[in-house]
Structure formats: structure tokens, C-alpha cells
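Heads up: the structure comes next, in C-alpha cells.
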Amino acid sequence: MQEGGKLPSCLIYNAIVLSEPKLLHMNKNTIGFFALLSLCALQTNAQAVLSKDKKEVIANLEKKKDHYGDVSKQIWDFAEVGYKEVKSSAILIDELKKEGFTMEEGVAGIPTAFVATYGKGKPVISILAEYDALPGMAQEAVPEKKVISGQKAGHACGHHLFGTGSVAAAIAVKDWLKQNGNTGTIKLMGCPAEEGGSGKVYMVREGVFKDSDVVLHWHPGDRNSANPASALANISAKFRFHGVSAHAAGAPERGRSGLDGVEAMDYMVNMMREHVPQDTRIHYVITRGGEAPNVVPAFAEVYYYARHHNRDVLRGIWDRIMEAAKGAAMGTGTKLEVEIIGGTYDLLPIESLAKVMHTNLDAVGGLKYSQEEIAFAEKIISTLPASTETKPKYTDAEQVAPFSTKLESMGGSTDVGDVSWAVPTVGLATATWVPGTPAHSWQAVAAGGTEIGKKGMMVASKTLALTAIDLFKDPALIEKAKTDWQKARGADFKYNALLGERKPALDYRN
Ligand SMILES: [Zn+2]
């Protein structure tokens, strides 16, 4: 049932006994007895803290792990990018409908966004699901770089697992509500286009989370952790420079280059890096740069992201990037058009909720690899670039990171940020990837398509379900979370989406 787990303190005691018998004045027989006792404790310790109904929830999820593994693999195969997740959302909707959830599809003006609801009355606990893939990341489920020919995208952020694992958890909670005759509502929020599309922002703006008391989420990763974490606020836009085409050698004086506009902007923004707070992140790709060197490009486009943990600081940095773009257009005689694509808030962590999540993750435990998976993992680890950190070990996936109140900051951003300022929100990460694997890498796509990904996903499903059950059973936990959240958010908080009033950028991946 349980797939390994963090070393309980009894095993540490056991290790002391075996290594330093003199310290404890024991003979070999006594040592053997304690060793046996400790090993027994290892088997039962984590699960022993669980109530009977929670153990049943875990057992039921475990029974359906192959089914959910298949669902996730199908979404991995579909590899649909943001707002194009037609088949991926349909398969999850189908799972939820079969289980008696009421469906609301096409919410917030987004065809692939949905809300699934089961139960009645308060509290309302919502679980987030994502299912979009990343362009240019097609990769087979093998431990060497091997692109799937003809496929344009891949699940390099594990959202096929995110979506399926969350749906599995919502169904498990529904079964628990039903079997125990509890009141309360479980919702599964189908959230498209997390990767740059800011799907949840439109859902927040539309009030989709209005009646939720607590929101739960998770994310695939290379370790198991439920510590309070933050993320960077983010604004993104496409800057389009319109010029005039002409023969690049025959009549260059008659042309105005859109690419000059892009390059002038990039140059200025790159100089700006020296004069922004150190923890700022700015990155871009030139998405259109002209077609042929002998034609002055009449059109060019650059796609920018800027991030900072403080969204007010970010707004200031963004204003300066806008000025650089305007200056570039002016200097190159081109016309500038800007389309804000995305904008997400930083993540607001709630320590009291993180503790509840951590306790459940600890009880569920990490995952244990089979011999075949060990071989896969070792090959993957050998492909990871050397880093200054200690070399990862595949056994790290068996551990659960100890709880820490020191706020961890994800290097990335997420539209869960906006949700966390609308409702108290808590999340976890599980080791769906081989330890040491960064997100958005071919190694992440590869492991996500194997049993390793599926095992990590089930750790998340179980932890989410158990955490929801705690919240249903103990209203005081929700009250405490709300008080902490109100305090952290501040009395004068007013929500203003960083992407403004724009409509969902349904074609941002075109
Ligand atoms: Zn992601």
C-alpha cells in the first residue's frame, strides 16, 4: 500500500543501537530485539497514525492506480498545448461524469476550462487540475534524448500527471463523503493553459473560486515536499514591430526593419539588467525575425517574460521594458504593437495549511523504484549537467522533505498565485521525476511517461485526498487558515489582474 517513506525516528534509534552498542550497555541479543522492534515500527509507523477511513481512501486509490496511470499516459500522448487541450480535458471530464460529478464546461470564456462539483453545502474544498503541454518538448519515455518525430509538444512540466492525479483525489474524496454521509462539497477545477496562458487568472476574475473555502493543488517535481513555498509574479507580452519591406541590397534606404526594432529593444532591456533588483528575471525569445536575408523584414516579434517576487516591483520594471520597446520603435522607424499575454501573482503560502498537508504527505510516504526503474533513474542522472549541488541519488525519491517554516521560493511562476490571493491555498510537490531533474527538460518528459511518474502522481493523489478529508472533518482548520490568510493578504487588498482586462489569449500558442 505504502510506497516507502521517510525514515521514522525509530530507525534512527536503531542505527545508533547497531553502531554504538557500548553506549547503551547492550548485549547482542538485546540489540537484535531492538532492531526487530524498530523494523516493525518502520512498516507501520507512518500508516498507524492514519484513521480507518483514511486508510481505506489510500487502499481504494491504490486499487485504481493502473487505471489512473493509463489516463495520465493518454494525456501524455496527446501533448496538447495551452487552450488546445481538447482531448485532455475531455478525458478528465469523462472520468468525473462517470463518478456522478455535475459538470460546468467552457467556464470563464475558455472552451477547455471546467468545474466538476459533488456534494452539498459547506465547506467547499476545491482541487486544481492542469493538463497543458509545452511546445518543442516532444520526447519518448526513454532515458536518452529521443524526440518523438512529428510531435510538436511534450509534457515537460508533468501536467498530464497534475490533471489526472487531482481528478483521482477528487473522486476519492467524493467516495469518502458518500460512504461517511458527510456534508460538504468537493470541486475539481479544470484549469487550462498554465504555461504562459494564465488560464486560472480568467477563472479568478470571473469569480469561479468565490464559494471555495480552501483550494488544494500539487505539482510534479523531483522530490516530495509540502513546505510553504512562494513563486515569482510574472508579466508576459508579445512585442510586434511593423516596418517596411524592401530589397536589402538594392533599396535598403526604402526599408524599415521590424527586426531592427526587436534587436534595439533587446539591447536596451539587456542593458537594463544591470539596473534592476538582482532577483529580477527577464527572458525572451524572438518568435518572428523575418524570412530571408535579402528582404528587409517588414515584421518581427519578440515574446518577453519578466518576473519578480514582489508584484509592485515587477509593475515598475515592466513599465521600463515598455519604454524600451517604445524607444526601439522610435529609433528604427517602426510601429510598435504590444499584446499582454499573461500575468500572474506571486504565491501566498499559508503555514497552518502546509502543516496539515505535510503531515499527510509524511504518512503517505515517498515512492520506491523497481529494479527496472533504478536502472532508468541512474541513466537519467548520468545525463544531468553537473551542478554545484550535491549529486542527486535515486533514493531521494523515497524521502519526504522535513517540514520547515523557512519560506521556499520557486524560481518559476504559476497562475495558482492568483488563486492563492482569492482563497486560502495549499500545495505539495511529489517526485514524479528522477531526483535532480529540472522542470521543462526532456528528462522530465521521459520520466513522466513511465511508472516513476505514475507512482509520484499517486503519492500526490493520496496526500490531496487525506488533506481534504482533514478539512471536512475539522472546521477549525479552515477557520485558522482563513484568519492567517486574511492577515497575510492585508486588510486593504484589492485584486487587479496583472494581465488587465484582456480576454483569454486562446491563440497564444499559434
Ligand atoms: Zn507546471
Side-chain angles (χ1 to χ4, degrees), residues 71-118 126-138 151-168 170-171 187-212 215 217 236-238 303 339-344 414-419 422 497-510:
V71 171
S72 73
K73 186 59 174 35
Q74 287 185 60
I75 299 176
W76 187 90
D77 286 331
F78 297 150
E80 295 171 301
V81 295
Y83 296 130
K84 312 285 181 198
E85 317 95 327
V86 178
K87 289 186 273 185
S88 308
S89 59
I91 191 171
L92 297 177
I93 287 170
D94 195 45
E95 287 294 312
L96 292 154
K97 265 189 190 162
K98 274 192 312 210
E99 296 285 343
F101 281 76
T102 310
M103 304 302 302
E104 199 188 329
E105 295 174 42
V107 302
I110 305 170
T112 51
F114 64 90
V115 178
T117 306
Y118 181 90
S126 298
I127 305 179
L128 305 179
E130 295 175 6
Y131 29 82
D132 60 322
L134 276 156
M137 295 303 300
Q151 189 170 304
K152 291 202 172 90
H155 272 289
C157 212
H159 294 181
H160 62 302
L161 301 167
F162 188 159
T164 312
S166 292
V167 165
I171 292 169
K187 288 192 175 208
L188 186 288
M189 304 293 194
C191 307
E194 188 280 328
E195 297 288 357
S198 305
K200 294 178 199 74
V201 177
Y202 303 102
M203 296 168 79
V204 170
R205 227 173 55 178
E206 197 89 351
V208 171
F209 295 92
K210 238 182 13 232
D211 65 348
S212 298
V215 168
H217 69 108
S236 65
K238 290 182 179 175
Y303 187 3
E339 184 185 2
I340 297 288
I341 299 294
T344 58
T414 169
D415 55 8
V416 179
D418 292 61
V419 178
L498 281 168
L499 50 70
E501 288 305 310
R502 71 151 300 152
K503 289 205 166 82
L506 298 179
D507 56 359
Y508 80 112
R509 289 295 190 207
N510 287 354

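All residue numbers in this chain count up from 1 along the given sequence. Scope of the values below: all heavy atoms of this structure, side chains included, with no hydrogens, waters or symmetry mates.
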Short side-chain donor-acceptor distance under 3.5 Å, Ser126 and Ser212: yes
Without swapping roles, check the side chain of [X] against the backbone of [Y] for a donor-acceptor pair under 3.5 Å.
{"X": "Tyr131", "Y": "Cys191", "value": "yes"}
{"X": "Lys238", "Y": "Tyr508", "value": "yes"}
{"X": "Ser198", "Y": "Asp415", "value": "no"}
{"X": "Ser89", "Y": "Val86", "value": "yes"}

Where [X] and [Y] come nearest, the two heavy atoms and their spacing:
{"X": "Ala497", "Y": "Val201", "value": "CB-CG1, 3.8 Å"}
{"X": "Gly500", "Y": "Arg205", "value": "O-NH1, 2.9 Å"}
{"X": "Leu499", "Y": "Ile341", "value": "CD2-O, 4.4 Å"}
{"X": "Pro192", "Y": "Tyr83", "value": "CB-CD2, 4.3 Å"}
{"X": "Gly154", "Y": "Ala133", "value": "O-CB, 3.4 Å"}
{"X": "Asp507", "Y": "Lys84", "value": "CA-NZ, 4.2 Å"}

Heavy-atom side-chain contact between [X] and [Y] under 4.5 Å:
{"X": "Arg509", "Y": "Glu195", "result": "yes"}
{"X": "His217", "Y": "Met189", "result": "no"}
{"X": "Ser166", "Y": "Leu188", "result": "yes"}
{"X": "Leu92", "Y": "Val71", "result": "yes"}
{"X": "Val167", "Y": "Leu96", "result": "yes"}
{"X": "Glu339", "Y": "Tyr303", "result": "no"}

Please report the interatomic distance [atom1]([X]) to [atom2]([Y]), rounded to the nearest 0.5 Å.
{"X": "Ile75", "Y": "Glu80", "atom1": "CD1", "atom2": "CD", "answer": "8.5 Å"}
{"X": "Met203", "Y": "Leu128", "atom1": "CE", "atom2": "CG", "answer": "8.0 Å"}
{"X": "Ile91", "Y": "His160", "atom1": "CD1", "atom2": "NE2", "answer": "12.0 Å"}
{"X": "Leu134", "Y": "His159", "atom1": "CG", "atom2": "NE2", "answer": "7.0 Å"}

Those residues that, when tested against Asp132, pass salt bridge (charged side-chain N to carboxylate O under 4.0 Å, His left out) (two or more places apart): none
Results of salt bridge (charged side-chain N to carboxylate O under 4.0 Å, His left out) for Asp94 - residues two or more places apart only: none
Neighbour count >12 (heavy atoms, 6.0 Å) for atom NZ, Lys98: yes
Test ring pair (Phe, Tyr, Trp, His ring centres under 6.0 Å) applied to Phe209 - qualifying residues, sequence neighbours left out: none
Residue list, ring pair (Phe, Tyr, Trp, His ring centres under 6.0 Å) with Phe78, at least two apart or on another chain: none
Derivation of the side-chain contact (heavy atoms from CB on, under 4.5 Å) call for Val416 and Glu130: CA-CA 10 Å; Val416 179; Glu130 295 175 6; 4.0 Å; yes
Donor-acceptor pairs under 3.5 angstrom involving side-chain atoms of residues 99-115: please list them, not counting sequence neighbours.
residue : atom : partner : partner atom : Å
Glu99   : OE1  : Lys174  : NZ           : 2.8
Thr112  : OG1  : Glu85   : OE1          : 2.9

Set of residues satisfying side chain to side chain contact (heavy atoms under 4.5 Å, CB included) with respect to Ala422, sequence neighbours excluded: Val204
